[in-house]
Number of protein chains: 2
Amino acid sequence: MSSAPEGYDPHAFFPFAVTVDLAVFTVREARLHVLLVERGEAPYKGRWALPGGFVLPRESAEAAARRELAEETGLTQKSVCGFHLEQLRTYSDPDRDPRMRVVSVAYAALVPDLPEPRGGGDAAHAQWWDAGATGPLAFDHDRILADAHDRIGARLEYSCLATAFCPAEFTLGELQQVYETVWGVELDRPNFRRKVLTTPGFVKAVDGPPRRTGGRGKPAALYRAGAATALHPPLLRPEGRPEGRTS
Amino acid sequence: MSSAPEGYDPHAFFPFAVTVDLAVFTVREARLHVLLVERGEAPYKGRWALPGGFVLPRESAEAAARRELAEETGLTQKSVCGFHLEQLRTYSDPDRDPRMRVVSVAYAALVPDLPEPRGGGDAAHAQWWDAGATGPLAFDHDRILADAHDRIGARLEYSCLATAFCPAEFTLGELQQVYETVWGVELDRPNFRRKVLTTPGFVKAVDGPPRRTGGRGKPAALYRAGAATALHPPLLRPEGRPEGRTS
DNA sequence: CTTCTTAATGGTCACTCTGACTATAAAGAA
DNA sequence: TTCTTTATAGTCAGAGTGACCATTAAGAAG
């Protein structure tokens, strides 16, 4: 009766507000960080929240997310278009916003270590937080953040997007740090190296033998992200053989 | 300026219609089938479309999807609550519906082989189609259907949800048929069997030695879905070593 | 009643990939 | 110089998989 079997029944139309929420991740100092903004008004005044905002009348959710990403990081639209941005899922609980019916499309963005977001406008409110040590966030953002973290961790297993956390040129140690930080585990360095280098298209060595000085130890070779997007076979997290095996 | 840095700015509110669209899959006669409904009105009158409808004012998208699933299959709410239903992604292109701004949350449902949907109301319009041989669908539903097929194929690799396509008790041959149908490949029977049986919790044998008569050949043992949800290590599709390897 | 066909089930073997580990190289620090 | 640190190279055993072959148990064909 209230449904629309043919697809769309104008009589059943009910107006929703549609927003995007962004979980913008980066890896800083071996910790996963997420960009948060402090709320200045009720509800949840003073609480921290994921950046986000309304989808405009002539804008896709993807475009809105990209726009918000630029605004909150204080960068230009152009400079953020290289960042990895992926839709997570949509949150639609009727009571997720106490004021009105708001459906939110959540996105995860992966960015390299950026300077503190002190761009002109909106970005002034934004700040990086340790993703595992945020207080309780506004609305259902704790849930969204947890889902986003889970998703990114899973994506690292089957895709090459760990490079999205790194600058244009990076060492294998830095790439490994991304995995270790997102997964919260330590990986064996030679094994990680072997896996990355034998996966065609994951990374490509920077031509000459340039090296980066980070401090101690032997200088590391530099690499760039390769053309591959999928990781086949996957790079599975350690741990977790659930039970014993037969033999 | 039009965004809402603090999270929600009532002035920027723009009303959207929010719908759910369902890709309801089943495996029939070794082909992947999807449930479609024929549109009775413009736009796309006469075209087939994914079943779906508006999200009600006090309903989550998940609940709306579950409700639509029951309506379109002609089953009760209760009987569909055991079916696997998962959110895919949200489609929000401003022009995806020529009449108004509609944001649609897409879901995939996996059901066992059901009788032709001839329940009373809405279900009378619904019909199973070979998922690879639908004509062009209404709106952006071709895209949604393709995305849904891709997602289900990928989920079979890492999860145990292939059993969602099977009746309560099934043979390993039937389970293998699910993989072969969704992936469009043939699998080696003994190897598939070994993989499924050595994965703890994927399936559990039905106690006594009951067997099912399907026609020719040796009768097969029956199994039920196990408690596991994840498949670790995964059951990867064949094909696709992208390039050669070093050694 | 045999024989053929079909499908389930049981097992082998080589190869790949991974985890655990050892060794060497090249830098700064003591 | 020597120590420490990090990058890089290589080895080796075990798990998991793909490609097979063999056996069993049913119906169908003769």
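Values below: every heavy atom of this structure, side chains too, minus hydrogens, waters and symmetry copies. Each chain gets a letter, A, B and so on, in the order the sequences are listed, and its residues count up from 1.
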Choosing from C:dG28, C:dT5, D:dC20, which nucleotide comes nearest the side chain of B:Arg216? C:dT5

Is there a donor-acceptor pair under 3.5 Å between the side chain of A:Thr26 and the backbone N or O of A:Asp113? yes

I want to confirm an ordering. Mapping A:Gly217 and B:Gly217 to their closest nucleotides on DNA chain C, which one lands closer to the 5' end? B:Gly217

I need the single residue from B:Lys195, B:Arg237, B:Arg151 that forms a salt bridge (charged side-chain N to carboxylate O under 4.0 Å, His left out) with B:Glu157. Which is it? B:Arg237

Under 4.0 Å, counting only non-hydrogen atoms across every strand here, what does A:Arg193 touch: a base, just sugar-phosphate, or nothing? sugar-phosphate

Distance check needed: D:dG16 C1' versus A:Leu236 CG, whole Å only. 12 Å

A:Phe192 CZ to D:dA7 P, in whole Å, measures 12 Å

Step by step, work out the salt bridge (charged side-chain N to carboxylate O under 4.0 Å, His left out) result for A:Asp147 and A:Arg143. CA-CA 6 Å; A:Asp147 288 350; A:Arg143 169 81 188 287; 3.3 Å; yes

Report the distance from atom CD of A:Glu174 to atom P of D:dT6, rounded to the nearest whole Å. 13 Å

Value in whole Å for how far the C1' atom of C:dA14 lies from CG of B:Asn191: 13 Å

If you check the B:Lys218 side chain, which of D:dT5, C:dA7, C:dA27 turns out closest? C:dA7

Would you please confirm or rule out a distance under 4.0 Å between OP1 or OP2 of D:dT17 and any side-chain N or O of B:Lys195? yes

If I take atom CG in residue B:Leu222 and atom C1' in nucleotide C:dA8, what distance separates them, rounded to the nearest angstrom? 12 Å

Given atom CG of B:Leu187 and atom C1' of D:dG16, what is their separation to the nearest angstrom? 16 Å

Could you tell me the separation between the CG atom of B:Asp188 and the P atom of C:dA7, rounded to a whole number of Å? 15 Å

A:Leu187 backbone acceptor or donor facing A:Gln176 side chain under 3.5 Å: yes

Under 3.5 Å, is there a donor-acceptor pair between the side chain of A:His84 and the main chain of A:Leu110? no

Given D:dA19, C:dT22, C:dG10, the nucleotide with the shortest approach to the side chain of A:Pro190: C:dT22

Check this one for me: any side-chain N or O of A:Arg194 less than 4.0 Å away from OP1 or OP2 of C:dT18? no

Rounding to a whole Å, what distance do you find between B:Arg189:CZ and D:dC20:C1'? 16 Å

